Amino acid sequence: MKQTHHRKRVLHSPMCKKCGEIFDSETKLKLHLVVHSNDKSYVCEVCNKSFTHKGNLKSHLRIHLNDKPYVCEICGTAFCMKCTYDQHLLIHTKEKPHVCGVCKKTFTQKGVLINHIRTHTNEKPYVCEICQKTFSVKSNLNTHLRTHTNEKPYVCEICRKSFAQQGHLSTHILIHKVEICHVCEVCNKSFRQKGNLKKHLLTHTKEKPHVCEVCGKGFTQSPHLQRHLLTHMEEIPSACDVCGKCFASKRSLKAHMPCHSKDIHP
């Protein structure tokens with residue numbers, strides 16, 4: 001009965017026609033519609049970031065002031081904004097209140113559900129103004145834009161190396177850490193990154209998943225296969241323009257050509 005009641009409530013709840021987001025009241029929907037109007041009149045004096053609502057600007061200013069009034073009673077993590085705090089609590093409760101109406105997959109955050117729904121509708125509302133490439137998630141568009149601007153906002157605090165993506169920085173930081181967490185169970189060799197351990201394990205299993213389509217030779221790593229493919233690049237037959245004889249490589253043809261110079265008389 002609870003599930004039926006929930007479905008009825010969702011069906012009659014106000015929904016944004018622009019992005020499909022559902023709200024508890026018409027007032028919240030009206031406040032949300034400002035997001036689509038591109039009217040961002042509230043500007044942060046510190047970083048010039050603009051906002052559609054004054055309340056959002058106030059919450060944002062806490063980041064610069066390092067004001068974190070919302071503290072998790074379970075793990076002690078503090079947050080600047082209540083919405084971020086509320087989302088964090090779901091990690092502890094394991095609650096996933098947002099359900100996809102198509103496949104019934106559940107999510108902790110409404111925004112993640114909205115992004116997921118686009119995998120069913122194939123909707124890609126975020127467009128790159130430079131190359132017109134489209135994206136279903138705004139964060140993917142922001143990451144893509146850095147390929148045009150060459151912006152690298154994620155900086156390593158240890159060596160100051162910068163990265164375009166947070167994930168790349170997180171992987172890089174492992175280089176500086178003393179602890180090495182990925183250990184081979186066969187020979188006890190340790191690695192900082194899980195990917196490197198996977199590559200190493202192939203040396204024990206003798207598995208060669210990367211196979212040359214030309215000769216069938218297998219390799220443990222993709223770069224080894226790529227280097228090997230270069231050996232086939234010279235196997236394209238090269239024909240002599242004088243006598244028509246074919247050679248396996250251009251190098252062999254070049255070595256053959258001087259024999260015709262003897263036939264040329266002044």
Side-chain angles (χ1 to χ4, degrees), residues 122 124 126-137 139-156 158-178 180-266:
N122 201 30
K124 294 182 178 181
Y126 304 103
V127 184
C128 174
E129 294 180 355
I130 300 170
C131 67
Q132 306 306 312
K133 190 173 183 179
T134 56
F135 300 87
S136 58
V137 183
S139 59
N140 291 348
L141 169 61
N142 292 336
T143 302
H144 164 78
L145 285 171
R146 296 189 193 114
T147 63
H148 297 297
T149 63
N150 201 31
E151 180 190 2
K152 295 179 179 181
Y154 303 102
V155 182
C156 175
I158 300 168
C159 68
R160 309 309 299 169
K161 188 174 182 180
S162 57
F163 300 87
Q165 297 183 37
Q166 175 68 54
H168 294 170
L169 171 60
S170 299
T171 303
H172 165 79
I173 286 172
L174 295 174
I175 296 170
H176 299 296
K177 289 188 176 180
V178 177
I180 301 172
C181 50
H182 305 289
V183 182
C184 174
E185 294 179 356
V186 181
C187 67
N188 292 321
K189 190 173 181 179
S190 53
F191 300 87
R192 288 191 177 93
Q193 297 180 27
K194 191 175 182 180
N196 291 342
L197 171 60
K198 285 183 177 180
K199 290 177 184 177
H200 166 76
L201 285 171
L202 295 175
T203 63
H204 295 299
T205 62
K206 306 299 180 184
E207 184 185 354
K208 296 180 178 180
H210 306 282
V211 181
C212 174
E213 294 181 356
V214 181
C215 66
K217 190 174 182 180
F219 298 87
T220 55
Q221 296 182 33
S222 180
H224 295 170
L225 170 60
Q226 298 304 320
R227 284 199 296 269
H228 165 77
L229 286 171
L230 295 174
T231 64
H232 294 299
M233 296 297 288
E234 292 188 347
E235 292 181 6
I236 302 169
S238 301
C240 174
D241 292 333
V242 181
C243 66
K245 189 175 181 180
C246 290
F247 296 88
S249 68
K250 289 183 177 179
R251 188 181 299 170
S252 300
L253 172 60
K254 192 174 181 180
H256 159 79
M257 290 307 293
C259 75
H260 292 298
S261 62
K262 297 173 185 178
D263 300 331
I264 301 172
H265 301 285

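Fair warning: this is a prediction, and the values are worked out from it, not measured in the lab. All heavy atoms count here, side chains included; hydrogens, waters and symmetry mates do not.
Counting heavy atoms of neighbouring residues, nucleotides and ligands inside a 6.0 Å radius, atom CD of Glu185 does not exceed 12 of them.
Considering only heavy atoms from C-beta on, Gln166 comes within 4.5 Å of Leu169 through its side chain. Taking the side chain as every heavy atom from C-beta outward, Tyr154 and Arg146 approach each other to under 4.5 Å.
The two residues Leu145 and Cys128 make their nearest non-hydrogen contact at CD2-SG, 3.9 Å. Of all heavy-atom pairs between Thr134 and Val127, the closest is CG2-CG2, 3.7 Å. Taking all atoms of both residues into account, the shortest heavy-atom contact from Pro258 to Ala255 is CD-O, 3.2 Å. Scanning all heavy atoms of the two residues, the minimum distance from Cys184 to Cys187 falls at SG-N, 3.5 Å. Shortest non-hydrogen contact noted between His144 and Cys131 is NE2-SG, 3.3 Å.
In this structure, NZ on Lys161 lies 11.0 Å from NE2 on His168, to the nearest 0.5 angstrom. A distance of 8.0 Å separates CZ in Phe163 from NZ in Lys152, rounded to the nearest 0.5 Å.
A donor-acceptor pair under 3.5 Å is absent between the side-chain atoms of Thr147 and the main chain of Thr143, judged by distance alone.
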